Number of protein chains: 2
Amino acid sequence: MIQVLIADDHTMFVDGIESILLVEDGIHVAGRCYDGASVIEFVKSNKVDIVLLDVNLPDMSGIEVCKQLAASHPEVKVLAISMYNEESYVSETLNHGARGYILKNTGRDELLKAIRTVYSGATYFSKDVTETIMKGLMNRRKSSTKSTVDMPKISRREKEVLKLIAEEFTTQEIADKLFISLKTVESHRSNLLAKLNARNSAGLVRISLENHLLD
Amino acid sequence: MIQVLIADDHTMFVDGIESILLVEDGIHVAGRCYDGASVIEFVKSNKVDIVLLDVNLPDMSGIEVCKQLAASHPEVKVLAISMYNEESYVSETLNHGARGYILKNTGRDELLKAIRTVYSGATYFSKDVTETIMKGLMNRRKSSTKSTVDMPKISRREKEVLKLIAEEFTTQEIADKLFISLKTVESHRSNLLAKLNARNSAGLVRISLENHLLD
DNA sequence: TTAATTTTAGGGGGAAACCCTGGTTTTTCT
DNA sequence: AGAAAAACCAGGGTTTCCCCCTAAAATTAA
C-alpha cells in the first residue's frame with residue numbers, strides 16, 4: 001500500500017486529488033497538509049511513501065520543503081505538482097531532491113502513473129515539463145555561441161599559456177613547463193590581455209571560463 | 001519530401017538506416033557522408049532538411065559539425081544519433097544546435113517518428129535520453145551541495161572583494177569602491193587565498209567561478 | 001614567393017600582488 | 001555576557017605581474 005501525503009494550500013484541489021486516490025487500489029491517503037511546516041511535522045510521526053507537494057506553499061517554498069525532507073527523511077519521495085511550467089521552477093525543484101514534476105492540469109490516469117512510477121524508484125515528468133527542460137537546456141547555446149563569435153582567435157600556444165595561468169602557475173613555472181623563456185610567456189600573456197580585453201590575469205581567467213576557451 | 005542526409009562512419013549502419021528510409025513515403029535520402037568534413041561540404045551544394053548525425057565521427061566530433069552547421073546553415077536540422085546515452089554527450093550536443101538525440105538501438109518506428117517530429121520544427125528525444133538528462137539535472141544537486149559543504153565559509157565582505165577581483169579591479173580600486181584601506185583589501189584577499197586554497201588571484205577567480213561563489 | 005601571423009626572446013621599470021607580522025573594532029554566536 | 005569570528009588597519013619585504021619597447025626565427029596564408 002502506497003502511503004501518500006497531499007500537500008497543497010488549496011482545499012478544493014486537495015479534495016480532488018483525494019477523491020481520485022481514495023478509489024484506487026494500492027494507494028492510501030495518509031494525510032493532508034496545507035503548508036510546508038506541517039509536511040515536515042507529519043512525516044516525523046507517520047509512515048509516508050510519497051508527498052504530492054505543491055511547489056508554491058504559503059509559508060515556505062516547496063523547494064525548501066524538498067531540501068528539508070531530503071535531509072531528514074530521504075526515504076520519502078517527493079512528487080512536485082505545480083501550476084507553472086517554467087524552467088527555473090522545474091530545475092530548482094529537481095535540484096533539491098524531487099523525484100518527479102507534474103502540472104496541475106495533469107489528468108487522473110497520468111497522476112496515478114506518476115505516483116506509481118515514483119514509488120517504484122524511478123522518476124516521472126509530464127511531457128510538457130520534459131519539453132520545457134529540453135528547451136532550457138538548448139537555449140543556453142545561443143548565449144554561448146554569440147559570445148564565441150566576437151571572440152578573437154587565440155593561438156595554440158597562447159591557449160596553453162592561458163590554461164596554465166588559470167591553473168595558478170606563475171610565469172616562471174609556465175616557462176619551465178613549456179621549455180620557453182620567461183619573457184616569451186610574458187609576451188603571450190600580454191597578447192592575451194590585449195586580445196581578450198582584460199586588465200590582468202584574474203580577468204583572463206574569468207573571460208576564458210565564461211567563454212569556454214579552455215575546452 | 002523530407003531530404004535526409006545520413007552521416008556515420010559505419011557503412012553497415014548507414015545501409016540499415018537507408019533501407020528503412022527508402023521505402024518510406026515523404027522521406028528521401030539526399031546523401032551519405034562518412035566524416036564531418038563531407039557533411040559540411042554536402043549541405044553547401046545540396047538541399048538537406050535533416051542530418052542524421054553520428055556524434056562520434058572520425059575526423060571531427062559531431063559537436064563540431066553541429067556548431068558549424070548552425071553557423072552556416074541554420075535551416076538544416078540536426079538529429080543526433082549516438083551509441084552512448086551519457087549526460088555529457090547529450091547536453092553537449094544539444095547545446096550546439098542539435099534538435100534531437102536518439103540512440104542507435106532505436107527501432108524503425110521511433111526513428112521515423114523522430115525524423116518527422118524534428119522536420120516539423122519540434123524536438124525529439126528518446127525515452128532513455130530524456131531520463132539521462134533528468135538524472136543529470138538532478139545529480140547536480142549532489143555535486144553542488146558537496147562542493148559547497150567542504151567549501152569554507154566566505155564572509156560577506158570577502159565575497160564583495162572576491163567579486164571585484166573577478167571583475168579585474170586592482171586592490172587600490174577595490175579599496176576606493178568599498179571605502180576601506182588598501183591594506184584591508186589585501187587582508188581579505190590573503191584570507192581568501194587561504195580559504196579557497198589558491199595561490200593567486202587567477203586561482204581565486206577560477207575556483208569561485210567553478211563553485212558559483214559569486215551568485 | 002611574398003606577406004602575415006605566430007612563436008620566440010630580451011631590457012628595463014613601475015605597479016601590483018603576495019607574505020609575514022602585528023594590532024583594534026565590530027559583529028556574531030552561544 | 002563572554003568567546004569567537006569577522007572586519008578593519010598597517011609596515012616592510014619579496015615576488016610576480018604588467019607595460020613599454022624591439023626583433024629575429026618559424027610557421028602559415030595569400
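Just so we're clear, the structure is a prediction, and the values are computed from it rather than from any experiment.
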Of C/dT7, C/dA17, D/dC9, the nucleotide closest to the side chain of B/Ser181 is D/dC9
Ranking C/dT7, D/dA6, C/dA17 by distance to the side chain of B/Lys195, first place goes to D/dA6
OP1 or OP2 of C/dA9 sitting under 4.0 Å from any side-chain N/O of A/Thr184? yes
Distance criterion of 3.5 Å, no angle test: do you see the side chain of [X] paired donor-to-acceptor with the base of [N]?
X        : N      : answer
B/Lys183 : C/dG22 : no
B/Ser187 : D/dC9  : yes
A/Glu186 : D/dC18 : yes

**OP:** Please report the C-alpha distance between A/Glu167 and B/Arg206 in whole Å, then the side-chain angles of each, then the deciding distance to 0.1 Å, and finally whether the salt bridge (charged side-chain N to carboxylate O under 4.0 Å, His left out) criterion is met.
**Re:** CA-CA 8 Å; A/Glu167 286 172 22; B/Arg206 181 178 53 76; over 6 Å; no
Under 4.0 Å between a Lys/Arg side-chain N and an Asp/Glu carboxylate O for [X] and [Y]?
X        : Y        : value
B/Arg32  : B/Asp8   : no
B/Lys163 : B/Glu160 : no
A/Lys177 : A/Glu173 : no

Please report, rounded to the nearest Å, how far the [atom2] atom of [N] is from the [atom1] atom of [X].
X        : N      : atom1 : atom2 : value
B/Ile165 : D/dC17 : CD1   : P     : 15 Å
A/Ile174 : D/dT16 : CD1   : P     : 12 Å
B/Ile180 : C/dT25 : CD1   : C1'   : 14 Å
A/Arg189 : D/dC17 : CZ    : C1'   : 5 Å
A/His188 : D/dC18 : NE2   : P     : 15 Å
A/Arg157 : C/dA9  : CZ    : P     : 9 Å
B/Leu164 : C/dA17 : CG    : C1'   : 16 Å
A/Gln172 : C/dA9  : CD    : C1'   : 14 Å

Between B/Asn191 and B/Asn200, the residue closer to the 5' end of DNA chain D by nearest nucleotide is B/Asn191
Comparing A/Arg156 with A/Leu204, nearest DNA chain D nucleotide closer to 5' gives the residue A/Leu204
Worksheet item: Reckon A/Leu193 touches a base, only the sugar-phosphate, or nothing at all at heavy-atom distances under 4.0 Å?
Response: sugar-phosphate
Paired with B/Thr171, the side-chain hydrogen bond (donor to acceptor under 3.5 Å, both in side chains) test is passed by just one of B/His188, B/Lys183, B/Arg189, namely B/Arg189
